[in-house]
Amino acid sequence: MASSRGGGSQQVIRTGDMEKMSLDQLKAVKEQADIEVNLLQDSLNNIRTATGRLENASAALHDLSLRPQGKKMLVPLTASLYVPGTLDDADKVLVDIGTGYFVEKTMAEGKDFCERKINLLKSNFDQLIEVASKKKTLADEAGLILQAKLKQLSPSS
């Protein structure tokens with residue numbers, strides 16, 4: 001029924017195989033593919049959000065590097081809470097590397113970190129789009145075959 005691809009552990013169901021399936025099997029294939037497409041869409045949205053945040057962080061680092069030492073500014077503690085502060089050393093920044101861990105880096109290293117993360121996320125985004133497209137095609141094919149089989153089973157008027 002399903003054949004294994006040479007490159008990975010994904011299973012590929014061919015149209016010819018789907019035509020041999022029962023109605024229940026086709027429904028299950030379509031439902032599973034629809035669920036996977038929805039999960040992939042959620043992942044794509046999360047990647048888009050993370051990329052946007054990193055691009056904002058990169059822009060903020062650039063803006064920060066242009067400010068003179070001793071400059072008064074508002075420092076964000078949360079998305080909606082800011083406190084007054086003074087820029088002490090614009091060449092050192094704290095970078096959130098995940099799960100609440102921060103590392104002190106130079107401004108250039110901080111910008112580089114953001115750019116590498118953005119590139120990684122964009123690469124993952126492109127790969128997920130390809131997988132989602134294939135899953136969507138599978139779901140559509142299963143739906144068409146299911147409709148055709150149901151039409152064959154219904155009595156002609």
Side-chain angles (χ1 to χ4, degrees), residues 1-15 17-18 25-147:
M1 228 182 268
S3 63
S4 196
R5 260 185 154 168
S9 63
Q10 284 184 324
Q11 291 185 336
V12 178
I13 299 175
R14 295 189 186 101
T15 304
D17 294 335
M18 284 194 281
Q25 289 173 322
L26 275 173
K27 285 179 189 175
V29 167
K30 178 161 177 33
E31 287 173 6
Q32 182 64 33
D34 286 338
I35 289 169
E36 289 175 9
V37 167
N38 288 336
L39 289 173
L40 289 168
Q41 286 295 335
D42 289 345
S43 294
L44 288 169
N45 289 335
N46 290 340
I47 288 175
R48 232 181 258 123
T49 301
T51 302
R53 286 183 181 163
L54 280 166
E55 287 170 345
N56 287 343
S58 183
L61 285 175
H62 176 71
D63 290 345
L64 189 61
S65 68
L66 300 176
R67 296 181 187 243
Q69 187 172 348
K71 173 85 173 166
K72 299 265 188 217
M73 59 190 322
L74 291 175
V75 179
L77 294 181
T78 67
S80 60
L81 178 63
Y82 292 78
V83 295
T86 306
L87 183 59
D88 183 34
D89 185 4
D91 192 46
K92 291 182 184 171
V93 293
L94 286 178
V95 177
D96 182 356
I97 58 171
T99 62
Y101 288 96
F102 292 84
V103 174
E104 187 176 289
K105 292 186 176 279
T106 65
M107 182 64 71
E109 291 171 338
K111 288 178 184 178
D112 181 58
F113 178 84
C114 287
E115 291 306 315
R116 284 186 291 119
K117 282 290 198 179
I118 289 169
N119 291 336
L120 175 67
L121 288 173
K122 286 182 179 178
S123 170
N124 289 346
F125 186 84
D126 293 341
Q127 290 172 2
L128 276 180
I129 287 215
E130 190 177 315
V131 172
S133 174
K134 289 177 183 176
K135 290 290 181 183
K136 179 79 172 118
T137 301
L138 175 70
D140 292 345
E141 286 177 5
L144 290 173
I145 293 170
L146 185 61
Q147 285 178 348

Inset, instruction - Specify the closest pair of heavy atoms between Lys111 and Leu61, including all atoms of both residues, with the distance to one decimal. - result: N-CD1, 3.7 Å

Inset, instruction - Could you tell me which non-hydrogen atom of Leu128 sits nearest to which non-hydrogen atom of Ser43, and how far apart they are? - result: CD1-CB, 3.8 Å

Inset, instruction - State, yes or no, whether a side-chain contact exists between Leu64 and Leu87 at a heavy-atom distance under 4.5 Å. - result: yes

Inset, instruction - Write out all pairs satisfying side chain to side chain donor-acceptor pair (under 3.5 Å) with one or both partners inside residues 47-61, taking only residues at least two apart or from two chains. - result: Asn45-Arg48, Ser58-Glu115

Legend entry - Listed once per pair and sorted, the salt bridge (charged side-chain N to carboxylate O under 4.0 Å, His left out) pairs that draw on residues 81-109, sequence neighbours left out: none

Inset, instruction - Look at atom NZ of Lys136 and say whether more than 12 heavy atoms of other residues, nucleotides or ligands are closer to it than 6.0 Å. - result: no

Legend entry - Asp126 bridged to Lys122 by N-O distance under 4.0 Å: no

Legend entry - Given Glu31, Gln147, Met18, the one that forms side chain to side chain contact (heavy atoms under 4.5 Å, CB included) with Leu26: Met18

Inset, instruction - State, with a plain yes or no, whether a side-chain heavy atom of Thr86 is found less than 4.5 Å away from one of Lys72. - result: yes

Legend entry - Pairing of Asp34 and Lys30 as salt bridge, 4.0 angstrom limit: yes

Inset, instruction - Examine distances only and state if a side-chain atom of Ser133 and a backbone atom of Glu130 form a donor-acceptor pair shorter than 3.5 Å. - result: no

Legend entry - Asp112 and Arg116: CA distance, side-chain angles, deciding distance, salt bridge (Lys or Arg N to Asp or Glu O under 4.0 Å) verdict: CA-CA 6 Å; Asp112 181 58; Arg116 284 186 291 119; 3.0 Å; yes

